[in-house]
Asker: 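To start, I am sharing the structure in question, which I have written as structure tokens.
Numbers here are sequence positions counted from 1.
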Amino acid sequence: MAATKNEQKQKETPLLDHLKELMYRVRRIVISLGIAFFIFFGFGIKDITWDGFTFPILYPSIFDSVSVELTRVFIYDELPKQMKLLPINPFDPIFSSITISMFLATFFTMPIIVREIWAFVSPGLYEREKRVIKWFLAPSFILFAAGASFAYFVLIPFMLRFVILYVNEFGGSVLPTLGLKSFISLIMTMLFVTGISFEFPLVMDVLTYIGAVKASTWKKNWRWGVLGAFIIAWIISPGTTGGVIETVIGLILSTLFFVGVAGAYLIERNQRKKKEKELRELQSRLK
């Protein structure tokens, strides 16, 4: 009976240690996010000159904070001149600043988030799994940045200008207006969703690398890949352009699918060469 209790205690101890480790990592992430959010929401940036040198400093201001400045940038870059923003709710400007601050805080603390998650899960991973994560981590950020850039510079401006053209068909009876909170939410959502959708080929190559799906399987089922690309395009598109922007996104994601197929073949070729090299080395040692 005593032995059974000791065994149960030994099983519970590692679990408690893992939970403590998890809470420790989560606490560090939350604190990092909180500090970053506080800076972006409550501080602005201004230049000061000292001894002939000019450099930026942070100063406390919720009315001219980094998030407010970025809101101005969004309005200047993305909003057509014919469209007007309306604060439908009195707190819309504050909610907009909170949304942008959270997005910026998540973006700039992502290295800390990744580091803490890696520190928690890496002890339980095999070396092969660690290599997979390390090799595909940088491409994931690059593809996300490419998707977010596409949304910011192409997708959102095209969509808003299409809305202007559509509204103009009603004459002067309908005014092209948009709520401030809706405008900011639209930009943040499109940046995030489009960035995630551009991870399409990376997911394919990871599945090929771990041996779950062969490159020939991706190639054989390319029609399903293209169909999936257009379904994703239909999901992430705002649906206000009569199918034009959906088609553009679908064609881009389809192209990324074929990029993923090419990457899968390249991965298999490298793996085959590596195995052949190891086999030759083994044969040379046996001789």
Asker: Does the T255 side chain pair with the main chain of L251, one donor and one acceptor, at a distance under 3.5 Å?
Answerer: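 Flag set: sc T255 to bb L251 pair under 3.5 Å.
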
Asker: Is it the case that more than 12 heavy atoms not belonging to F141 sit under 6.0 Å from its CZ atom?
Answerer: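 Enclosed: over 12 neighbouring heavy atoms sit under 6.0 Å from CZ of F141.
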
Asker: Does the plane of the ring in F91 sit parallel, tilted or perpendicular to the ring in F95? Use 30° and 60° as the thresholds.
Answerer: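 The rings of F91 and F95 sit tilted, inter-plane angle from 30° to 60°.
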
Asker: What heavy-atom pair brings E268 and K214 nearest, and what distance separates the two atoms?
Answerer: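 So the two residues come closest at OE2-CA, 3.4 Å.
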
Asker: Can you tell if the side chain of K46 reaches within under 4.5 Å of the side chain of I57, non-hydrogen atoms only?
Answerer: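 Yes. Closest side-chain heavy atoms under 4.5 Å.
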
Asker: Does a donor on one side chain sit under 3.5 Å from an acceptor on the other, for R72 and Y76?
Answerer: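 Absent: no donor and acceptor within the cut-off.
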
Asker: Any chance the side chains of T49 and T54 put a donor and an acceptor closer than 3.5 Å?
Answerer: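 T54 and T49 do have a side-chain donor-acceptor pair below 3.5 Å.
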
Asker: Run the ring-centre check on F103 versus F40 and record whether the distance is less than 6.0 Å.
Answerer: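 No, too far apart.
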
Asker: Would you call the rings of W218 and F257 parallel, tilted or perpendicular if under 30° counts as parallel and over 60° as perpendicular?
Answerer: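 The rings of W218 and F257 stand perpendicular, inter-plane angle above 60°.
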
Asker: Between the side chain of S185 and the main-chain N/O of S182, is any donor-acceptor distance below 3.5 Å?
Answerer: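 It does not hold such a pair.
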
Asker: Could you report the tightest heavy-atom contact between P93 and L180, atom names first, then the distance?
Answerer: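 So the two residues come closest at CA-CD2, 3.8 Å.
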
Asker: Is the shortest side-chain heavy-atom distance between V73 and E69 below 4.5 Å?
Answerer: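 With C-beta onward as the side chain, the pair stays apart.
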
Asker: Checking F192 now: which residues fulfil ring-ring contact (aromatic ring centres under 6.0 Å, His included) with it, not counting sequence neighbours?
Answerer: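 In terms of ring-ring contact (aromatic ring centres under 6.0 Å, His included), with neighbours along the sequence ignored, F192 is linked to no residue.
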
Asker: Mark yes or no for whether E199, through its side chain, and L143, through its backbone, hold a donor-acceptor pair below 3.5 Å.
Answerer: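 Not at all, since once roles are kept as given, no pair shorter than 3.5 Å links the two residues.
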
Asker: F74 and side chain to side chain contact (heavy atoms under 4.5 Å, CB included): which single residue from I156, L186, L79, I100 fits?
Answerer: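 Only match with F74 under side chain to side chain contact (heavy atoms under 4.5 Å, CB included): I100.
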
Asker: Check ring-ring contact (aromatic ring centres under 6.0 Å, His included) between Y59 and all other residues, then give those that pass, not counting sequence neighbours.
Answerer: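 So Y59 forms no ring-ring contact (aromatic ring centres under 6.0 Å, His included) with any residue.
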
